[in-house]
Every structure is written in C-alpha cells, then in structure tokens.
Amino acid sequence: MPMAKNHRSDRSSADTASRPSPSTVLDRLASGPSRASRITHTEHLPPRAGRHAVWPDRIRSEVVAAVQAAGIEHPWAHQARVAEHALDGESVIVATGTASGKSLAYLAPVLTALLEGSEAPNGRGATALYLAPTKALAADQRRSVKELSQPLGNAVRPAVYDGDTPFEEREWVRQYANYVLTNPDMLHRGILPSHPRWSSFLRALRYVVIDECHTYRGVFGSHVAQVLRRLRRLCARYGASPVFLLASATAAEPSVAASRLTGLPVVEVADDASPRGELVFALWEPPLTELHGEKGAPVRRTATAETADLLTGLTVQGMRSISFVRSRRGAELIAVIAQERLAEIDRSLARRVAAYRGGYLPEERRALEAALHSGELLGLAATSALELGVDISGLDAVVISGYPGTRASLWQQAGRAGRSGEGALAILVARDDPLDTFLVHHPEALFDQPVESTVLDPDNPYVLAPHLCAAAAELPLTDEDFELFGPACEELLPQLEAAKLLRRRTKAWHWTRRERAADLTDIRGEGGRPVQVVESGTGRPVGVLSTLDIAGIIGWGAG
C-alpha cells in the first residue's frame, strides 16, 4: 500500500492543469450515438477536503523529519490516531479509503521502534514483520519504505523474503534485516517451521503489519488466521508479544473481522480524514450483435472487445489507465487488441500498452510496475494481481471488464485511479451474463450498498487440523495452547492421534511423520503440491496427481 502524498502530487502542476476532467474523458469515449447509449448510469462522487493533525510526541523526530522530506508536512487525523494506538501497544486496524495514507499510519510507529532498537547497545534491536497477500505488494512496500527511511541510514533494513528471494540472500535477511516483508504462504511454509533460525528476529518482534487484510476471507482467510496464531505462539516462546497493525480500504465491521483474523482485540480507526478527488463511475453495457445464442436470444459484444476499445481510447487521449480482467488470457488479449489498434493510429503509442498477469518472471513484473509508475506505460491490462495497493499513483482511469464478484473488489479496483487526490474515471463493462446485466441496470445494488463482510472461520476442523499438526511440529502442543487455537482442539487432537499424525507423550502432542507438517496443506485451498506419476519401467511421465491434505488423510467426509 503506497503512501498518499498529503500535499503534493506525483505530477507537475502544469500537467495536472492540462488534464481534462473525468466527465470530459468519458464524453469523448462515448462520442457518437451508438456509443453514448452504452452508458446505463453515471455516478458522481464529489471531492472531499482533508483534515490534518500532528504526530504523537513519541514518534521520533528523525522519523517526522524523514516524512517531511518525502513531502508530507502533517499527517491526516486518522494517521495520527493509528500511530497513537500502536505506540500504546494496542492492535489497531485502519479502514479508510484507497490512497488515504494507511501505510504511513503504521510506518511511523514501526520506523520509530526500529530506530530506537538500532540504538540498543546489545542484540539485534527491534524488528517488524510485514504481510501482504501478493509478492507485488510486498516488493512495492519495500521500495516505499526504502525511500522513506533513507534519511535514517542503516537503522532501517527492509528486505523481501518470499519465493523469489535468492537463497544466497536468505541468510542475510534472517540475520540482519529488521523489517521483513513476506506473505502468509512463506510465513506458513518457510519461516514458522524454521523458527530456530529466526529466533533472534522473533525474539525482538515488536510489530506485525497485515496489509489489505480484507483479502483474508473464506478458506484462505481461515488458514491465515491459524498461521497468525502459530506466529503468536512462537513469539511467546521467545518472549515477544507483537502489536498487530492491520490495513484495509474495503472492510465491513473492520474491528470484528480483524479480531477474528488475529485472535486479539483490535481497535478500529475508520474515520477517513484524507482528501479525495472527484470520481466519475460509469456503468457500460456492450451493444447487441447480429449473432444469436440459445433459443434465438441475441448476443452482446464481449466485454473483452469493449474493454480493449476503451483502453485504446484512453491511451489516445494520453490518459494513464488500467483495465482489470478476470483471466490471464483476457489480459493478454486486451493488450494485443489495443496494441494493434493503436499501431494503426500511431506506432509509438502501441509500445505504451502492455499486459500484467501472474506467471511473469519477477524481473518482468518489477519492470512493468516501474514503467507504469513512471508514466512510460500509459495503459495496462491486468489481472487482480494489481488490484491491491501497489503504488501506481497518478492514474487517470480504470476499466473493469466484468463485475469482479464482490463490491469490495469493485471499489478496490476503482480506487486504483486518482491516487494523488485528483479526479478519476472508473468504468464497469458488463459481461453478457444475467448478474452483470442486472447490475448495470440497477446501480443502487452497487452504489447504495455497503461492501461485504469479511467472513472466515478459524475453528473449521478442516482448517484447524493441519495447523495443529504444523504447530506440534514447531513446538509440542500442550493443554495451554487450547486457549490460543480454540476449544475445538480437544476434539481434534484424539482424531489426529488415532490417524497417527500426532503422538501424546506425557503432557504434550508431537508430530510423528517424516514429512514437514506445513507442506501437507495449501493455505490458498488449491490442493497440495502436485505429484508426478511415471511408468515404473521407463520413467515416462503419464500424469499428475494432487497430494492429499491432512483432512483427506484422516478421512473426514468419507461417509
């Protein structure tokens, strides 16, 4: 999540003054009688002024000076409140709008703790852990932290620790980094099972930052909730009790969801004091074609083709924009169509549109992020990998190809534009399906309803069982852990013992298998690691099977 500029924009004032208004951009896109009729509704969200405050006295003066050097003279009121709660040792969630400066709200107390820790005569000093749902967001946060903390010298040593981190760098991260940025998957499979090697880091852990916490819902969120409980258990083993700082732009009942996720009481800061530029949000329905589907019903033009047209039109106008697409194939197709149409107008424009999706090499993703951030790219067709708070400030427009499934995702994607407090345009292009058709003709279902609640169930036995095994492999389980993992432990532990996954010795349960317990479950619910099946005689591969998770080993649901 990037740091909102409290006073300055990423663009020059001359550039800002020359930009057309969002309404003007939309009028140009809809010019012509056939195109104007495609807009079924336009919602105007008015601009809002900001409210400043002062940093708490306990924020180090060096940190305040570094923030001011970044162009932020005074914090917004909600940023100061979050910092106050963090300094008081209270876990807190900041649930304010996109680009409201949530990252600065938690970074001010984190940087203060790291700076004070660096002055300790002995030991490593204070540490902090940052969790993001995607690698792109963690890498972007590292860049922001590095820029902000540059005046602090070596007091702040941020480092990314994920699957892309070279093995030769991992030991340095474990031993010397004091702000480690990772994801729940790496925490689950890499850090917690190897906690003796992380002992100095965990012993000094002061803060755990959980960014975009609304993404941790459903089965994935339930798994992450248990991963966090395992983290708290190991921290307690090393004598640490970190404060949790959570952030989300789209959360219903934020404190309730945050408490369920962390297992701790969490204070809520939801009064957004940051300014907001005008947002024009259009609902767009593609036209009918001459084709007919089942029972002779006419077929509409695809949202993919319509989105490619809109991305082309925005690029021709010089607007920096992103189109969000559900599939990787759709992102590539929209980029290719837009490039072809732009090449017919101006070949140089074709090079300023690209696709962004999962599956690219890390260096390719970083290059695309940097090109969009700098303005070298004008248009990007992206999957939801860029939905979260990657720093792409200064965008003018967002085109959403098909309803993304939740209002939370819709507003998260729309919020990618106008991130410098300037006006922005968002367009939802309907797919040819009943839900999208309903939504573009019933705007009240989108604009007059709150975002969905973050639903997760850490006590689900299918979720809890594998984490009890993983926790027992990290440290033998005792009766004292029941309060942390919940009352369902008493019922599950005998089943895990009967399945010969755990063994009770005296007053503790131990992991019994040779396999790493953490490898037997995929917290994103995509199944275990694939197993290749080969012919015994020739070794020729004949197929791939998924591994069983622990719930499958126990045989729940077998009758």
Side-chain angles (χ1 to χ4, degrees), residues 127 129-133 135 138 159-175 177 180-205 208 210 216 220 222-240 242 262-263 458 462-478 481 484-485 489 492-493 496 499-503 505 508-531 547-553:
T127 61
L129 182 69
Y130 171 92
L131 295 177
K135 293 178 181 178
V160 172
Y161 190 87
D162 60 24
D164 294 338
T165 305
F167 283 97
E168 58 271 18
E169 293 182 17
R170 296 189 179 191
E171 186 61 30
W172 184 92
V173 176
R174 283 190 290 265
Q175 295 295 326
V180 173
L181 304 101
T182 186
N183 51 62
D185 313 76
M186 197 66 172
L187 181 61
H188 163 61
R189 279 185 170 163
I191 296 176
L192 298 183
S194 304
H195 66 89
R197 305 177 71 184
W198 288 85
S199 59
S200 66
F201 180 88
L202 295 174
R203 186 175 292 111
L205 190 60
V208 177
I210 305 177
Y216 302 125
F220 178 42
S222 302
H223 277 295
V224 173
Q226 290 297 348
V227 171
L228 294 178
R229 284 157 176 76
R230 286 163 49 202
L231 172 64
R232 288 174 50 206
R233 178 172 178 256
L234 291 176
C235 287
R237 163 68 175 78
Y238 292 107
T262 61
Y462 294 94
V463 171
L464 178 57
H467 290 285
L468 290 177
C469 291
E474 291 154 6
L475 287 174
L477 282 167
T478 66
D481 295 316
L484 177 64
F485 289 106
C489 289
L492 283 175
L493 287 172
L496 295 170
K500 298 183 178 180
L501 294 168
L502 299 181
R503 178 181 300 168
R505 296 174 183 168
W509 284 267
H510 299 255
W511 174 247
T512 63
R513 298 201 168 203
R514 291 183 178 179
E515 307 101 305
R516 283 173 20 119
D519 290 341
L520 294 183
T521 189
D522 184 341
I523 65 173
R524 294 186 186 262
E526 298 170 352
R529 293 183 178 179
V531 175
T547 58
L548 284 174
D549 60 14
I550 290 175
I553 294 172

**Test applied, side-chain contact (heavy atoms from CB on, under 4.5 Å); reference residue, Leu131; option that passes from Thr182, Val180, Val227, Val224** = Thr182
**With sequence neighbours excluded, residues passing side chain to side chain contact (heavy atoms under 4.5 Å, CB included) with Ser222** = Leu456, Asp457, Val463
**Gln226 (side chain) donor-acceptor with Pro458 (main chain) under 3.5 angstrom** = yes
**Request:** Not counting sequence neighbours, which residues clear salt bridge (charged side-chain N to carboxylate O under 4.0 Å, His left out) with Asp481? List them please.
**Result:** Arg233
**Complete:** Hits for side chain to side chain contact (heavy atoms under 4.5 Å, CB included) against Arg505, two or more places apart or cross-chain, chain-then-number order -> Arg503, His510
**Item:** Atom pair CG (Asp162) and CG (Leu181), whose distance is rounded to the nearest 0.5 Å
**Value:** 9.5 Å
**Option passing side-chain contact (heavy atoms from CB on, under 4.5 Å) with Trp511 (candidates Leu468, Leu496, Leu501, Leu477)** = Leu501
**Asked** Taking only residues two or more places apart in sequence or in another chain, which ones pass ring pair (Phe, Tyr, Trp, His ring centres under 6.0 Å) with Trp509?
**Response** none
**Message:** Run the side chain to side chain contact (heavy atoms under 4.5 Å, CB included) test against Ala159 and tell me which residues pass, sequence neighbours left out.
**Reply:** Trp172, Val173, Ala177
**Fill in**
With sequence neighbours left out, the residues meeting side-chain hydrogen bond (donor to acceptor under 3.5 Å, both in side chains) with Tyr216 are none
**Asked** Once you round to the nearest 0.5 Å, how far does CG of Asp164 lie from CE of Met186?
**Response** 9.5 Å
**Asked** Hey, mind stepping through Arg232 and Val208 against side chain to side chain contact (heavy atoms under 4.5 Å, CB included) and telling me if it holds?
**Response** CA-CA 10 Å; Arg232 288 174 50 206; Val208 177; over 6 Å; no
**Fill in**
Between the CG atom in Leu520 and the CZ atom in Arg189, the distance rounded to the nearest 0.5 Å is 9.0 Å
**Prompt:** Looking only at atom types and distance, does a side-chain atom of His195 sit under 3.5 Å from a main-chain N or O of Glu474, one as donor and one as acceptor?
**Reply:** yes
**Asked** How far apart are the C-alpha atoms of Leu202 and Leu231, what are their side-chain angles, what is the distance that settles it, and do they pass the side chain to side chain contact (heavy atoms under 4.5 Å, CB included) test?
**Response** CA-CA 9 Å; Leu202 295 174; Leu231 172 64; 4.0 Å; yes
**Item:** Minimal non-hydrogen separation, Ala132 against Asn183, with atom names
**Value:** O-CB, 3.1 Å
**Request:** Please report the closest heavy-atom contact between Arg230 and Ala471, naming both atoms and the distance.
**Result:** CG-CB, 4.0 Å
**Item:** Closest non-hydrogen atom pair, Leu129 against Leu205
**Value:** N-CD1, 3.7 Å
**Request:** Using the test side-chain hydrogen bond (donor to acceptor under 3.5 Å, both in side chains), find all partners of Asp185 that sit at least two apart in sequence or belong to another chain.
**Result:** Arg524
**Prompt:** Which heavy-atom pair separates Thr521 from His223 by the least distance, and what is that distance?
**Reply:** OG1-CE1, 3.7 Å
**Item:** Check: Thr165 side chain, Arg170 main-chain N or O, donor-acceptor pair, under 3.5 Å
**Value:** no
**Item:** Under the side-chain hydrogen bond (donor to acceptor under 3.5 Å, both in side chains) test, residues paired with Ser199 that sit two or more places apart
**Value:** none
**Asked** What's the spacing between Trp198 CH2 and Tyr161 OH if we round to 0.5 Å?
**Response** 5.0 Å
**Prompt:** Taking all atoms of both residues into account, what is the closest heavy-atom pair of Ala465 and Leu492, and its distance?
**Reply:** N-CD1, 4.1 Å
**Asked** Partners of Glu169 by salt bridge (charged side-chain N to carboxylate O under 4.0 Å, His left out), sequence neighbours excluded?
**Response** none
**Request:** Looking only at non-hydrogen atoms, find the nearest pair between Pro193 and Ala518 and report the distance.
**Result:** CG-CB, 3.8 Å
**Prompt:** Among all residues two or more places apart in sequence or in another chain, which pass the side-chain hydrogen bond (donor to acceptor under 3.5 Å, both in side chains) test with Gln175?
**Reply:** Glu171
